[in-house]
Amino acid sequence: MRTYHLHPWDVTFEKAREIQQGLKRHLVLENRVSEIRLIAGVDVAYSKTKEKAYAVAVLLAFPSLEIIEEAIAGAPVTFPYIPGLLSFREGPVVLKALKNLKKGPDIILFDGHGIAHPARLGLASHLGLLLDKPSIGCAKSPLVGQFCQEGLGYEKGSWVP
DNA sequence: GCGACAG
DNA sequence: ATCTTGTCGC
């Protein structure tokens, strides 16, 4: 982790957006990945009372997708869900789970957006930067913009670089 | 001011 | 995210 990217998580909404603006300029959008041998996927769930968050990180071999390792972590929820500020809610516990993996992945997939975000700093972008690791945002619904654009249809499997 | 809005 | 109900497909 590059220490100059460290920042507090317990911040006001305004401060959180300032942090996003400061971090976004460090984004690396061109592909610098040489080889991928290990990939990680992370997701978060909440306790029934919604007071605690639990994250799981799974490490798989690529491209076989054989599960190599699994790690979990729990943490109290200290930040509300605000569209655009998800990383300030789920980031801490996700980092904790990834830290519990014995081996480090080459890339990480997150259950949230990456650069498809109003500040281009969704969960995947944010944590990818903090970890100095290539990341992919895999959200299940749009936050901003439209899926259908030039060269990208609505058909399942549609894609653009 | 009103509506939209990852998980 | 979580919860609950109804519907669909194997």
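So that the names make sense, note that chain A is the first sequence line, chain B the second, and so on, each numbered from 1.
The salt bridge (charged side-chain N to carboxylate O under 4.0 Å, His left out) analysis of residues 88-103 of chain A, with sequence neighbours excluded, yields no pairs. Within the structure, the salt bridge (charged side-chain N to carboxylate O under 4.0 Å, His left out) test picks out the following pairs touching residues 6-22 of chain A (sequence neighbours left out): A:Lys15-A:Glu18. Residue pairs meeting the salt bridge (charged side-chain N to carboxylate O under 4.0 Å, His left out) criterion with at least one partner in residues 58-84 of chain A, sequence neighbours excluded, are absent.
Residue contacts shown for A:Ala45 are limited to sugar-phosphate atoms, with no base heavy atom under 4.0 Å away. Using a 4.0 Å heavy-atom distance criterion, A:Gly84 is classed as a base contact. Among the atoms of the strands shown, base atoms are found under 4.0 Å from some heavy atom of A:Leu85.
Formation of a donor-acceptor pair under 3.5 Å by the A:His113 side chain with backbone atoms of A:His117 is not found in this model. The backbone N or O of A:Ile19 lies less than 3.5 Å from no partner atom in the side chain of A:His7, so there is not a single donor-acceptor pair. Remark: side-chain polar atoms of A:Asp106 are not paired, donor with acceptor, to backbone N or O of A:Ile39 under 3.5 angstrom. Side chain of A:Ser87 to backbone of A:Gly122: no donor-acceptor contact under 3.5 angstrom is found. In terms of modelled atom types and a separation under 3.5 Å, the side chain of A:Ser47 and the main chain of A:Lys52 share a donor-acceptor contact.
Look at OH on A:Tyr54: it is 12 Å from P on C:dT2, rounded to the nearest Å. Protein atom CD1 of A:Ile82 is 17 Å distant from nucleotide atom P of C:dA1, rounded to whole Å.
With ring centers used as reference points, A:Tyr81 lies 6.0 Å or more from A:Tyr46.
For the contact set between residues 112-120 of chain A and DNA chain B, defined by any heavy atom under 4.0 Å, the members are A:Gly112, A:His113, A:His117. Within residues 73-81 of chain A, the residues approaching DNA chain B are A:Tyr81, by heavy-atom distance under 4.0 Å.
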>> Dot-bracket, 5' to 3', for DNA chain B please: Watson-Crick or G-U pairs under 3.5 Å, [ ] where pairs cross earlier ones, | where the partner sits on another strand, dots elsewhere.
In response: .......
> So what is the 5' to 3' dot-bracket string for DNA chain C, if pairs are Watson-Crick or G-U wobble with both distances under 3.5 Å, crossing pairs use [ ] and | means the partner sits on another strand?
Replying inline: ..........
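At most 12 non-hydrogen atoms from other residues, nucleotides or ligands lie less than 6.0 angstrom from CD1 of A:Ile72.
The side-chain hydrogen bond (donor to acceptor under 3.5 Å, both in side chains) search around A:Arg32 returns A:Glu30, not counting sequence neighbours. Evaluation of the side-chain hydrogen bond (donor to acceptor under 3.5 Å, both in side chains) rule for A:Thr78 yields no partner, not counting sequence neighbours. Residues passing the side-chain hydrogen bond (donor to acceptor under 3.5 Å, both in side chains) test with A:Glu51 are A:Thr49, sequence neighbours excluded. The side-chain hydrogen bond (donor to acceptor under 3.5 Å, both in side chains) test applied to A:Ser125 returns no partner, not counting sequence neighbours.
Minimum interatomic distance between A:Ala97 and A:Ala73 (heavy atoms only, all atoms of both residues): N-CB, 3.5 Å.
Using a 4.0 Å cut-off, no side-chain N or O of A:Lys48 falls inside it from OP1 or OP2 of C:dA1.
Read 5' to 3', the first and last nucleotides of DNA chain B with an atom closer than 4.0 Å to a heavy atom of chain A are B:dC5 to B:dG7.
Between A:His126 and A:Trp9, the ring-plane angle classifies as parallel under the 30° and 60° cut-offs.
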